[in-house]
Each structure stands twice: as structure tokens, then as C-alpha cells.
Amino acid sequence: MPNNYDTIVVGLGSAGVTAASTLANAGRRVLALEAQDRIGGRVMTVPFGDGVVEVGAEWIHGTEGSRVYQTAIQNNVSVLPQDLSFQVYMSDGSLGNKELVNELIEFCLQTVEKPPEKPEPLGKFITRQLMKYINDKHPELLNEKDFIAEFLEMMNLLINNYEASNDWNDVSVQTNYEELAGHQHTSWHRHGYKTFFEILLNTYNNGTGLPTLDIELNKEVTLIKWPKNTTGKVQVVCKDGDVYTASNVIVTVSLGVLKERHSHLFLPSLPQEKITIIEKMSIGVMDKVILNFEKQWLPNGSFFGFIWKGEDKKKLSNDDYWTTRIFGVSTPMGSKTALTFWTSGDVGKMVETLPEDVVKRKVMELLRKFMGKNMTIPEPTDMIRSTWFSNPFTRGSYTHDNLLMHEYPNARAILGEPLVDDSGAPKVLFAGEATDLTHFSTVHGASDSGFREAMRLLPSSKV
């Protein structure tokens, strides 16, 4: 393998693949180093059941101006909008009021788009606005304190799955996040999200790859030496002892990995301003448990929300409390026989570490408790689960704006600033969803950040 690279890209998720392919398509010699044994980062399409499931990112969020959506459309790959309205089940097995619950969810999600002037925790704001709405539109509900409390708890869990937070009051109601226009939940269904990476790398439909891009998997980077007060090359040292040099390096690892490794990953160390931002920003966990069944028994692409009754919750042992933090299940678009359970935060971290047979048994108990009254639920044949926190190469799912964002309004821009040499030339560049100012937490935001840093290195760049 030649060692005369223009750029080394560390990490082959959405940001890294976009950066590497953009540079390689411009004729640059690029080496991409990925610590895991697969391409995709926090996107992970796995063959499962009668098709594929997404262990990581599930949807394209918005279509207008989305690099991800455009990639699919330009290559004649069909993607399908998925309706996320809930069928609602209660913990006594009865059907909940679907129209009411979906109306209240819709109100909560829309009220977030009109935040107050003063900073406050997201959960407090939503709760206050929802109580006003109920008072105006559904005053009869005010006496149903148990339903309101448990609906708010489900809403908290739903927000935590959107934000990868542990509690909705850890998230700021003010955020710089901007939705793209168009459908917010578009699925790659049976193609799988992996198709996005195959198209970018020119391996889709037996493509021959990119001639000036070398990819090395199972290649963990342990040190990046860069010229701070001099000029010259960047040296990238790998765990197996291999050393590569290039004019510059684009680092696309997650905020979670930066938190854990920044102090010994860069030589010289990162500037203090960037270290502070790495420490103050938040990355959380959103995890899935996915079961497979012998045959399809629920409609494809459907969502089923779980709302507890207070007395049912009180009967649970402490050991089973974690099952109350699974707010619902969905049938993925890519596999008719699979079922996904959604969890997040500290409980998600714990579920990653529990014995597999315990997780399978307990989620099946939960499923039968809520949905087994009027249907026979078969035994699962297989299970997979995500491990985004315990995975040393992700250490979390994606970032959210925490309550410190008002003290550090430029945090994401600072995280994304390149380290330059004595001549002002960028030597260590940073990409990844955490560095995107308005589309963080998404695959398209990560991809945009990779494109941004690639363009910083190309002569026609306007960055």
C-alpha cells in the first residue's frame, strides 16, 4: 500500500465516507481507516428475518436538501415514507384511545417548534404547554391524573428516543436543530441504509470502487501527530503498529470517542477551547432490541405505543423497572418478520449489558402484557440488540443540545474547527454529526459535515 496520501480519513460512518469519496472523486489519494470490521459507523444494516433491519439509524429525516435522500433518488433507489402514528395499548392489555394519544403527541412535538424566549428544560416546557392544551381542549381529562402522568412519561421516553437523552429535562427547549422539509421518516426498507454507503463508494450494483481511495478495516487509530508550530505531514499511528503519513487528516469519530480518547489521541494536545467543548457537549444513547419471528404477525411499518397504568407499574419488581422504559415497538420496513423495541438513556446502557436470555424473556413478557390480550403472540426465533454505548468505537448514539448550550452557543462550530500548522494550512480536520450546526444527530448532517471538510481541502472550496 502506498504511503503518499493526500488525506487520511479516520472513521467510515456517514461523515467519513462522504469526505473520503468527495476527495477521491476529485482525484485526491485518500486512505480511510476504520476501527470496526464494517463500514457505516452508527448506521448498521443487518440481514435479519426475511430481509434487513437497521440496528442504528432507521430513517432519512426530511427530503428537501438532503444529501442522503438525493443520493437515493439520483440512483433510482426507492425509499418509502413511513407513518409513525401510534396504535396505543395499555398495560392491562386494553386498547388505548388512539385518536387522543396521537393528537396529544402531535401537539407536544409541534409545541417544541415554538420555544419560549428564556432557556428552560424541554420537559418542563412541554408539560406546561400540554396542560394548557388539555385545559382548553379536553378539560374532562384533568381528573384522569394517572393517564396524564403516564402519558407524560411515555412522551418523555419518546423525546429521549428522538434526542438520545436520558431525560427530557436534560435537553434544552432552545435548540439550533433545524428540520429539513419533506417527510421526516423515510425508509430505505429492503435496500437497507447500507445502500447509501455503497453508492458513495461506488460499490453499489457491482461497482468497482474509487481508484484513488484505499480502505482499511479493523484499523484502530491510537495517535495523530500533527505539526503545530511548524509545517509538514501528519502522522497517524495505528494500534497494530502501522504508521501512515499524509498532508492532513479528517477525524470523524463520535463525540463519545473524543470524550474518552482526546487526551491521548492527539500530539500536540487539542487546544483548551476545543477540550472544554468536548467535555461540555452531550452525546446520549438510543438503543434497540430486535426480535425475529417465524412468520409475519403484525402489519409492516407500524408503531405500537405502550402507556402504563400507575397501579400496574407499582406491581413490578425493581429488577423489571427497566421494561417500563421501553415506550413502544415497531415493525421495520425492511423485514416483515421482525419487531423492534425502543429504549434510551441509562436504561438503554443497562440493557446492553444484561444477559441475552433475560432481555428476550422480559421484552416478551412486556409485549404479551400490552398486546397479548386479543392476539396470540408467537415465540421469537432470534434476537439482536444495539450496543452503541458499550461499543468503544461509538460510545453513544448521537448528540443533543443540553442545558449548557446557552453558555457555549458556538460549541459545534468550535468542535468542527480544524487544527492548522504554522502557515495556516489545515492539518487535523473534524467532521461528524456533532459538528453540524443545524442537522446534528442525523445521517444527512453527518454527511454534510464530511462534505464540508472535504471542500475545505479542495482548491475550489468556498468553505
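Please read all numbers here as calculations on a predicted model, not as lab measurements.
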Do side-chain atoms of Q174 reach the backbone of P116 as a donor and acceptor pair under 3.5 angstrom? yes

So, for W308 and F370, is the gap between ring centers shorter than 6.0 Å? yes

Looking at K114, I'd like to know if its NZ atom is crowded, meaning that more than 12 non-hydrogen atoms belonging to other residues, nucleotides or ligands lie closer than 6.0 Å. yes

Would a 4.5 Å heavy-atom cut-off, applied to side chains only, mark Q87 and S302 as touching? no

Using only heavy-atom distances, determine whether the side chains of N160 and S165 contain a donor-acceptor pair under 3.5 Å. yes

Answer yes or no: is there a donor N or O on one side and an acceptor on the other, between the side chain of T111 and the main chain of F107, under 3.5 Å? no

Determine the interplanar angle of the H185 and H61 rings, folded into 0 to 90°, and report it as parallel if under 30°, tilted if 30 to 60°, perpendicular if over 60°. perpendicular

Please report the closest heavy-atom contact between A19 and A454, naming both atoms and the distance. O-CB, 3.8 Å

Going by atom types alone, do Q272 and T276 pair a side-chain donor with an acceptor below 3.5 Å? yes

Test item: F151 and V88 side chains (from C-beta on) under 4.5 Å apart, heavy atoms: no

Within a reach of under 6.0 Å around OH of Y69, are more than 12 heavy atoms found that belong to other residues, nucleotides or ligands? no

Nearest heavy-atom pair of N300 and Q296: which atoms, and what distance? N-NE2, 3.6 Å

Keeping T252 on the side-chain end and G11 on the backbone end, is there a donor-acceptor pair under 3.5 Å? yes

Ignoring hydrogens and angles, state whether a donor on the side chain of T175 or H400 is under 3.5 Å from an acceptor on the partner side chain. no

Looking only at the aromatic ring of each residue, does the gap between the centers of F440 and Y177 stay below 6.0 angstrom? yes

Could you tell me the separation between the CG atom of L130 and the CD1 atom of I126, rounded to the nearest 0.5 Å? 9.0 Å

With heavy-atom distances below 4.5 Å as the criterion, would you say the side chains of R395 and I283 are in contact? no

Between F303 and F86, is the gap from one ring center to the other below 6.0 Å? yes

Suppose we screen for side-chain hydrogen bond (donor to acceptor under 3.5 Å, both in side chains). Which residues come up paired with E99, at least two apart in sequence or across chains? none

D287 side chain vs W342 backbone, donor-acceptor pair below 3.5 Å: no

Salt bridge E58-K288, side-chain N to carboxylate O under 4.0 Å: yes

Checking E433 side chain against A446 main chain: does a donor-acceptor pair fall under 3.5 Å? no

Does the cation-pi check pass for K274 over F266, that is, NZ or CZ under 6.0 Å from the six-membered ring centre and within 45° of its axis? no

Main-chain N/O of G123 paired to N156 side chain as donor or acceptor, under 3.5 Å: no

If you measure only the distance, is there a donor-acceptor pair under 3.5 Å linking the side chains of T337 and N292? yes

May I ask you to decide if G209's main-chain N or O and N202's side chain share a donor-acceptor pair within less than 3.5 Å? yes

Does any part of the side chain of V43, heavy atoms only, come nearer than 4.5 Å to the side chain of F196, both counted from C-beta? no

Decide yes or no for L415 and L258: does some side-chain heavy atom of the first lie under 4.5 Å from some side-chain heavy atom of the second? yes

Under 3.5 Å donor-acceptor, Q82 side chain and S187 backbone: no

Is there a donor-acceptor pair under 3.5 Å between the side chain of E54 and the backbone N or O of Y193? yes

Is the side chain of R385 donor-acceptor paired with the backbone N or O of V351 at a distance under 3.5 Å, no angle test? yes

Compare all side-chain heavy atoms of W388 with those of M44 and state whether any distance is below 4.5 angstrom. yes

May I ask you to test the C238-Y244 pair for a side-chain heavy-atom distance under 4.5 Å? yes

Side-chain contact test, heavy atoms from C-beta onward, threshold under 4.5 Å: evaluate it for T203 versus L210 and give yes or no. no

Distance in Å, I250 CD1 paired with T22 OG1, rounded so as to fall on 0.5 Å steps: 8.5 Å

State whether a side-chain donor-acceptor pair under 3.5 Å links D6 with S247. no

Is the shortest side-chain N to carboxylate O distance from R325 to D346 below 4.0 Å? no

